[in-house]
Peer 1: 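Have a look at this one before I ask anything.
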Amino acid sequence: MTDQTDRRSVLRGAAVVGLAGVGAPLLAACGDDGDAGGTPSSTQTSSAPSDAPSSAPSSAPSSTGGPVLGPASDVPVGGGVIFKDAKVVVTQPTAGQYKGFTAVCTHMGCIVAKVENGEIDCNCHGSKFNAADGSVKSGPARDPLAAVNVAVQGGNIVGPA
Ligand code: FES
């Protein structure tokens, strides 16, 4: 029975080491996620070159099944609008060409903060994404913002279903 005793001792030792080892990473993870999810603020953020006030977006379902995010006229050419509640960023790289991406940064999950100079910027750690295709322009993010389907219907941006 020495074999069983030895196994129990080893298992007990492993459990103690395991508990001690689990605590530190959990604490580190809690302190490391910054303000993931973005700041509590309005439901959309428009950015340069035009930042005109908008009418309230309707949340009624559209014919495509996706929610109406807001007026297409709020999305400036060369800029974009971040719809925080829907976690979607819509850009208009060239007139009439609307692009949709997830607004959730691929680095650690913050909601991106602004669209400016052809870039979608995340303020949490400074990642920058190409506003035309979502690709990473500078890290720490390594992965692009995933494209999401958006459409213009009746003058409104309609998000993914
Ligand atoms: Fe780190 Fe966006 S969450 S750069």
Side-chain angles (χ1 to χ4, degrees), residues 22-161:
V22 166
L26 284 177
L27 290 174
C30 287
D32 199 29
D33 71 346
D35 62 345
T39 56
S41 62
S42 66
T43 58
Q44 73 180 56
T45 303
S46 177
S47 56
S50 166
D51 205 5
S54 64
S55 59
S58 165
S59 60
S62 70
S63 59
T64 62
V68 173
L69 299 176
S73 59
D74 280 2
V75 182
V77 177
V81 176
I82 298 162
F83 298 97
K84 291 183 177 179
D85 287 351
K87 298 181 180 175
V88 171
V89 55
V90 178
T91 65
Q92 190 179 184
T94 60
Q97 179 193 39
Y98 294 90
K99 301 275 188 159
F101 306 98
T102 178
V104 180
C105 180
T106 57
H107 176 231
M108 290 184 70
C110 287
I111 299 298
V112 295
K114 64 183 176 190
V115 184
E116 175 174 279
N117 300 323
E119 294 177 347
I120 301 168
D121 298 341
C122 178
N123 285 348
C124 285
H125 309 99
S127 291
K128 296 180 183 302
F129 302 89
N130 186 314
D133 62 12
S135 63
V136 176
K137 291 186 87 171
S138 63
R142 294 181 183 173
D143 298 317
L145 297 176
V148 298
N149 288 327
V150 295
V152 178
Q153 292 183 343
N156 288 318
I157 299 289
V158 179

Peer 1: Mind listing the closest non-hydrogen atom pair of Val90 and Phe83 along with its distance?
Peer 2: CG2-CE1, 3.7 Å

Peer 1: Would you name the heavy atoms of Pro160 and Val148 that are closest together and state the gap between them?
Peer 2: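 Heavy atoms of Pro160 and Val148 come nearest at CG-CB, 4.1 Å.
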
Peer 1: Kindly give the heavy-atom pair with the smallest separation between Val150 and Gly159, and that separation in Å.
Peer 2: CG1-CA, 4.3 Å

Peer 1: For the Cys pair Cys110 and Cys122, is the SG-SG distance shorter than 2.5 Å?
Peer 2: no

Peer 1: Counting C-beta onward and ignoring hydrogens, is there a side-chain heavy-atom pair between Val104 and Ile111 closer than 4.5 Å?
Peer 2: yes

Peer 1: About how many Å separate CD1 of Ile120 and CD1 of Ile82, when rounded to the nearest 0.5 Å?
Peer 2: 7.5 Å

Peer 1: Indicate yes or no for a side-chain donor-acceptor contact from Gln92 to the backbone of Gly96 under 3.5 Å, with no hydrogens or angles considered.
Peer 2: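 Yes, the answer is positive, given that a donor and an acceptor are paired below the 3.5 Å cut-off.
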
Peer 1: If you measure from CG on Asn156 to CG on Asp74, what distance do you get to the nearest 0.5 Å?
Peer 2: 9.5 Å

Peer 1: Write down the atom of Asn123, the atom of Ala113, and the distance for their closest heavy-atom approach.
Peer 2: ND2-CB, 3.2 Å

Peer 1: What heavy-atom pair brings Ala86 and Leu69 nearest, and what distance separates the two atoms?
Peer 2: CB-CD2, 3.5 Å

Peer 1: Counting only N and O atoms by type, is there a donor-acceptor contact under 3.5 Å from the side chain of Thr91 to the main-chain atoms of Pro93?
Peer 2: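 Here the side-chain-to-backbone pair does not exist.
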
Peer 1: Going by side-chain contact (heavy atoms from CB on, under 4.5 Å), name the residues that satisfy it together with Asn130, two or more places apart in sequence or in a different chain.
Peer 2: Ala132, Asp133, Ser135, Lys137

Peer 1: Taking the side chain as every heavy atom from C-beta outward, state whether Val89 and Phe129 have any atom pair closer than 4.5 Å.
Peer 2: no

Peer 1: For Val115 and Gly80, which heavy atoms make the closest approach, and how far apart are they?
Peer 2: CG1-N, 3.6 Å

